[in-house]
Amino acid sequence: MDTKSETQSLQERLEELRRELNYHNYRYHVLDDPVISDYEYDRMMAELREIEAQHPEWITPDSPTQRTGGQPASRFQKVRHPHAILSLANAFDADGVRAWFERIRRVDDRVEHTDYVVEPKIDGLTVVLHYQNGVFVQGATRGDGVIGEDITANLRTVKAVPLRIPADGKGTPPGYLVVRGEVYMTIENFEALNKRLMEAGEKTYLNPRNTAAGSLRQLDPTITASRPLDLFVYSIVAADVEVPDTQWERLAYLRKLGFPTPPAELCPDLEKAITTCNIWAEKRNEIPFEADGIVIKVNDMRLQADLGVVGKDPRGAIAYKFPAQEVTTQLLDIRVNVGRTGVLTPYAVLEPVEIGGVIVKQATLHNFDYIKGKDIRVGDRVMVKRAGDVIPYVIGPIEGARTGEEQVYTPPQVCPACATPVQNIPGEVYWYCVNAACPAQLVRNLEHFVSRGAMDIVGLGIRIVEQLVAEGMVHDVADLYYLKREDLLSLEGFAEKKADNILQSIENSRSRPLERVITALGIMGVGEVTASDLARHFPDLDALAAATSEQLQSIDGIGPNIAEAIVDWFQNPRNRQLLEKLKAAGVWPRAQNNDRKPVGDSLAGMTFVVTGTLPTFSREEAKAFIQAHGGKVTDSVSKKTSYLVRGENPGSKLQKAQDLGVPVLDEAGLRALAEGKR
DNA sequence: GATCCTCGAGTTCG
DNA sequence: CTCGAGGATC
């Protein structure tokens, strides 16, 4: 390898990183309108540090590593902090934390036996609060760490900021005290605020951090006052009295003065601290505010001070960053899927990007109104988030990053699969392809028909379904029962074993109970729950086909719309033909005597929601267990939910349950409840 | 008529 | 998990 050109390209990368970082710094600190996520910024900074560590001769005073922030905006008065408000070095995994430990151990061997305080790194806006004789006299933003902005008037409106300490009036206040904290917004308050802003037709915020920063930097304090902001205080910047000499005791001291402090844990050694971090990382979705990582601090403040500072990062603490759940990327294209009901669903094609450990290339955009409402354009830099742990979605465009090249999206006039003009029911959000013979719809229909909750034909996945449709072997779902062995063998990738397995699966599905078959038909608005209600009221499909709208509406949960959809479905000649074919194929279940005895009624009258993975039950088993004991299972937590059953890695439902005060059980608790024990 | 609850439909990656 | 919409309830 040519080392000369390698050095050259490394130097180019260095320049590029500096340029980028300077620009993003300016966007973040001066314009208050960042165009990349903090995580990406941290990553770039880490890369730059890495290069500079290898080539210390390249470090220049204007390198972004040599300072911590940009120039403060001019509209607020500038404030010089009594001491530099430092930032933190980052680690991105447990080994990064251990490497930090090794570094500081070499500096001072007392590190060997120190303990640590672990606190969440809250995603908000850092503030510095000044108290004179117990009275709040000034508050400032962090700014570049040396000079911040005076936002006293705004901070006074934040209820969590004590205007007088000690807040309980007991004891003497220090003559002079400066503390550091983080102003943030809880996820719940953020969502409520965004909803309000949206309803008022105003611009919404992308995330809680953005909102907290934007709210605090309002020139009009009455706007700040209307924003539900919160505060955590976690460090003492300056004081004219003796303060405790460990971080752990300082937190207690701050609490005693009346400051809200973050949840924290005292860990006897580093491995314990790392374990604690990992536990918190897993519980990340349960905390009511957004955190982008966890801070590990050497508990002994004297040792912290002695360890000193590298650049602008104190050695005595490190931020263990979570993998990003929210990142920005380029929206390359918007394409459209056709669902089995003919609904057109737009999705975003993204510049591949890593979110929470997986590479995301696509994200749903829900519907065309969503694109329009958020003003998402092709070519935009967008903020993408993985909801809970799984499905990525586009939160919105970063308008500040626009170049003018972005294209406003126009929904298609015709179905992307069959070119039939699209239709929309006025007042409704969705657009439909109304072609009953649309091949895309047929594929989706078959997919639904063979799916687990319907006919459960195992081994018949989307790929094979697509093949069957493409070869013209299947024109409706009933054709599956008329497939010949030779047909399957003629398909690409089919050998005898595979063909026989699939034929056997299809054969097995002939005996599915009535409710499954009703689900499989794919009547609009009729899913598993409604299908099973219907199966309880009608002995077979002929009886259901003969039902009038009035009869159907007498069933709980079925109103005029769904009743009409059912009647319409059975009147459609195509569907009548389909039913004949099913009947001839022997797929004609009769309602079973639904007198499987409930094991008990100990859970009667109670509604349950399950979240996360349970130790021994699968989701389906848990559901069956609850139902067998007379309980009801629904999907969403509401005030009517009696208990939330939580497993490993719970989703946002747990948060909601806690907000609503719904009691939470684990699997053992559920079993105990079912058995009537307390 | 408004609000809450429940259901259905579409969806990502490995 | 998210959203929209239908249905139930006050």
Side-chain angles (χ1 to χ4, degrees), chain A residues 191 195 198-199 285 325 329 335-350 352-371 373-374 384-396 424-433 440-441 443-445 447-448 451 453-454 461-462 518-534 552-566 607-612 619 632-642 649-656 660 662:
Chain A
E191 282 168 358
K195 200 175 156 195
M198 191 150 77
E199 278 160 8
N285 291 328
Q325 283 190 328
T329 189
R335 294 188 201 154
V336 177
N337 271 330
V338 186
R340 70 176 164 83
T341 55
V343 182
L344 301 181
T345 313
Y347 64 96
V349 179
L350 304 167
V353 67
E354 183 178 333
I355 317 178
V358 302
I359 308 287
V360 172
K361 304 183 200 75
Q362 286 187 12
T364 178
L365 290 167
H366 304 301
N367 58 61
F368 298 115
D369 277 12
Y370 187 84
I371 299 174
K374 300 232 166 185
V384 183
K385 184 178 178 170
R386 288 220 301 162
D389 297 326
V390 265
I391 293 154
Y393 69 104
V394 175
I395 308 175
N424 159 266
I425 300 163
E428 255 195 35
V429 168
Y430 295 114
W431 287 77
Y432 293 90
C433 164
Q441 279 184 60
V443 169
R444 293 309 185 93
N445 238 319
E447 225 183 314
H448 171 72
S451 68
I462 178 153
I518 297 175
T519 306
L521 296 177
I523 303 167
M524 218 188 281
V526 179
E528 273 174 66
V529 175
T530 312
S532 119
D533 287 343
L534 289 170
L552 291 166
Q553 284 183 58
S554 71
I555 299 172
D556 225 23
I558 296 179
N561 289 301
I562 293 178
E564 203 190 326
I566 296 169
T607 309
F608 294 80
V609 176
V610 185
T611 183
R619 225 20 120 69
K632 234 179 94 179
V633 181
T634 63
D635 269 335
S636 48
V637 179
S638 69
K639 275 187 292 188
K640 287 190 181 171
T641 309
S642 320
N649 296 321
S652 64
K653 288 174 196 164
L654 182 63
Q655 184 60 50
K656 197 158 176 203
L660 293 172
V662 170

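Chain letters run A, B, ... following the sequence lines, proteins first and then strands; every chain starts at 1.
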Exercise. Measure from the side-chain heavy atoms of K361(A) and tell me the nearest of dG10(B), dG7(C), dC13(B).
Key: dC13(B)
Self-check item: Rounded distance in Å - CD1 (I395(A)) to P (dT2(C))
Solution: 11 Å
Exercise. Could you tell me the separation between the CD1 atom of I355(A) and the P atom of dG14(B), rounded to a whole number of Å?
Key: 11 Å
Exercise. Find out whether Y370(A) and T364(A) are in side-chain contact, i.e. whether some heavy atom of one side chain is under 4.5 Å from a heavy atom of the other.
Key: no
Quiz item: Taking only N and O in the side chain of T364(A), is any of them less than 4.0 Å away from OP1 or OP2 of dT12(B)?
Solution: no
Quiz item: With respect to the side chain of Y393(A), which nucleotide from dC7(B), dG4(C), dT2(C) is positioned closest?
Solution: dT2(C)
Self-check item: Value rounded to 0.5 Å, distance of CG in N561(A) from CE in M524(A)
Solution: 11.0 Å
Quiz prompt | V529(A) side-chain proximity, nearest of dC13(B), dG8(B), dT11(B) | solution = dG8(B)
Quiz item: Are more than 12 heavy atoms from other residues, nucleotides or ligands located less than 6.0 Å from atom CD of Q362(A)?
Solution: yes
Quiz item: Side chain of H366(A): nearest nucleotide among dG7(C), dT2(C), dG4(C)?
Solution: dT2(C)
Practice problem: Take the protein atom CG of N367(A) and the nucleotide atom P of dT2(C), then report the distance between them rounded to whole Å. | Solution: 15 Å
Exercise. In whole angstrom, give the distance that lies between atom CD1 of I566(A) and atom C1' of dG7(C).
Key: 13 Å
Quiz prompt | Residue V429(A), side-chain atoms from C-beta onward, closest of dG8(B), dA5(C), dG14(B) | solution = dA5(C)
Quiz item: Closest to the I562(A) side chain: dT11(B), dC13(B), dG6(C)?
Solution: dG6(C)
Quiz item: Under 4.0 Å between a side-chain N/O of T341(A) and OP1 or OP2 of dG10(B), yes or no?
Solution: yes
Quiz item: Considering only heavy atoms from C-beta outward, does the side chain of V349(A) approach that of R335(A) to under 4.5 Å?
Solution: yes
Practice problem: Indicate whether OP1 or OP2 belonging to dG10(B) is found under 4.0 Å from a side-chain N or O atom of R444(A). | Solution: no
Practice problem: Provide, to the nearest angstrom, the distance between the CZ atom belonging to F368(A) and the C1' atom belonging to dG4(C). | Solution: 15 Å
Practice problem: Check every atom of dG10(B), dC13(B), dG7(C) against the side chain of N561(A) and return the nucleotide holding the closest atom. | Solution: dG7(C)
